[in-house]
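The block underneath contains the structure these notes are about, expressed in structure tokens.
We use all heavy atoms of the structure for the numbers below, so side chains are in, but hydrogens, waters and symmetry mates are not. A note on names: the letters A, B, ... follow the listed sequences, proteins ahead of strands, and every chain is numbered from 1.
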Amino acid sequence: MRISVQLNDFDIGKELKFFNNDDTNIGAVVSFHGIVRNNYEKSLLHMDIEQYPGMTQKAISNYVEIAVERWSLYDALVIHRHGKLLLGDQIMMVATAARHRRDAFQSAEFLMDYLKSRAPFWKKEVTKDGYQWVKSVLDDESALERWT
Amino acid sequence: MIKVLYFAWVRERVGVPYEIVETQSRTVMELVEELKQKERRYEVAFSDLSAIKVAINQELCDFDTKLTGATEIAFFPPMTGG
């Protein structure tokens with residue numbers, strides 16, 4: 001298991017190679033990564049991601065442990081960046097390794113749903129006219145219900 | 001003494017990222033009321049509590065949670081990571 005909250009970019013290829021290299025029980029790896037996209041007005045200059053340093057690692061570890069237990073994962077990886085990110089930059093990635101694909105897919109979705117609304121990160125969109133904090137979406141909150 | 005932290009727009013409205021607060025409040029809600037009475041900027045920051053989440057010692061909790069054992073309390077908008 002690896003959890004990293006970092007300023008720097010990451011190499012998905014390298015991460016997955018390292019992730020999936022020695023356990024012969026693993027038959028399925030699912031990975032997801034999020035990218036900084038433009039807003040509807042196409043005016044985004046960059047994004048600032050703020051975090052609560054003491055809590056992020058703790059909160060993510062908590063949900064990774066739940067996922068490992070619930071879907072019998074052999075490995076799990078979460079990387080989340082903070083600080084200033086430009087259009088097209090990678091924001092975060094999640095990877096899960098299981099014996100079968102169903103467990104890998106479901107646990108990756110579970111981790112994504114919880115990262116979105118339970119890990120202490122806040123996105124700020126900076127445009128030429130100023131900035132605004134990204135509002136949480138009700139859909140993100142209700143997405144958690146299917147896991148309870 | 002409790003370390004009180006603020007994030008995102010809550011931090012901007014309060015004007016500081018954190019502060020040390022001496023308080024007799026027993027719950028999160030009592031602390032919020034105490035802060036709101038202190039200065040106008042807290043009133044602005046805490047005007048809509050349905051838009052604010054709270055964590056005690058880095059774990060999410062509710063506004064009626066007791067402050068017993070709390071060394072750190074944080075106020076922030078709903079998270080928008082991922």
Original post:
Can you say whether A:Ala59 sits under 4.5 Å from chain B via the side chain, the backbone, both, or neither, judging by heavy atoms?
Top reply: neither

Original post:
Linking I/L/V/M/F/W/Y whenever any side-chain heavy atoms sit under 4.5 Å apart, do A:Leu45 and A:Leu87 land together?
Top reply: no

Subject >> Between CZ on residue B:Phe76 and CE on residue A:Met55, distance to nearest 0.5 Å >> reply: 4.5 Å

Original post:
Can A:Ile12 be reached from A:Ile91 by stepping across I, L, V, M, F, W or Y side chains whose heavy atoms are under 4.5 Å apart?
Top reply: no

Original post:
Looking at residues at least two apart in the chain, or sitting in another chain, which of them share a ring pair (Phe, Tyr, Trp, His ring centres under 6.0 Å) with B:Phe46?
Top reply: B:Phe75

**OP:** Report, as yes or no, whether the 6.0 Å neighbourhood of atom CZ on A:Phe18 holds more than 12 heavy atoms from other residues, nucleotides or ligands.
**Re:** no

Original post:
By a 4.5 Å heavy-atom criterion (distance strictly below it), what part of B:Pro77 contacts chain A: side chain, backbone, both, or neither?
Top reply: both

Original post:
Cluster question for you: counting only ILVMFWY and a side-chain heavy-atom cut-off of under 4.5 Å, with indirect links fine, are A:Leu77 and A:Leu115 together?
Top reply: no

Kindly provide each donor-acceptor pair between chain B and chain A shorter than 3.5 Å, listing atom names and distance.
residue : atom : partner  : partner atom : Å
B:Ala8  : N    : A:Glu50  : OE2          : 2.9
B:Arg11 : NE   : A:Glu50  : OE2          : 3.1
B:Arg11 : NH2  : A:Glu50  : OE1          : 2.5
B:Glu12 : OE1  : A:Tyr131 : OH           : 3.2
B:Glu12 : OE1  : A:Trp133 : NE1          : 2.9
B:Glu12 : OE2  : A:Tyr131 : OH           : 2.7
B:Glu12 : OE2  : A:Trp133 : NE1          : 3.4
B:Asn57 : O    : A:Lys58  : NZ           : 3.2
B:Gln58 : OE1  : A:Lys58  : NZ           : 3.3
B:Glu72 : OE2  : A:Tyr52  : OH           : 2.5
B:Pro77 : O    : A:Trp122 : NE1          : 2.8
B:Thr80 : N    : A:Phe121 : O            : 2.8
B:Thr80 : O    : A:Lys123 : NZ           : 3.3
B:Thr80 : OG1  : A:Lys123 : N            : 2.9
B:Gly81 : N    : A:Lys116 : O            : 3.3
B:Gly81 : O    : A:Lys123 : NZ           : 3.3
B:Gly82 : N    : A:His80  : NE2          : 3.0
B:Gly82 : O    : A:Lys123 : NZ           : 3.0

Original post:
When clusters are formed by joining ILVMFWY residues with side-chain heavy atoms under 4.5 Å apart, either directly or through shared neighbours, do B:Leu67 and B:Val32 land in the same one?
Top reply: yes

**OP:** Pick one of side chain, backbone, both or neither for A:Ile49, based on which atoms fall under 4.5 Å of a heavy atom in chain B.
**Re:** neither

Original post:
Applying the 4.5 Å side-chain criterion to the ILVMFWY set and letting contacts propagate, would B:Val54 and B:Tyr42 be lumped into a single cluster?
Top reply: yes

Original post:
chain A heavy atoms under 4.5 Å from B:Ala51: which part of the residue, side chain, backbone, both or neither?
Top reply: neither

**OP:** Look at B:Ala74, B:Ala8, B:Pro78 and state which one has the largest set of heavy-atom pairs under 4.5 Å with chain A.
**Re:** B:Ala8

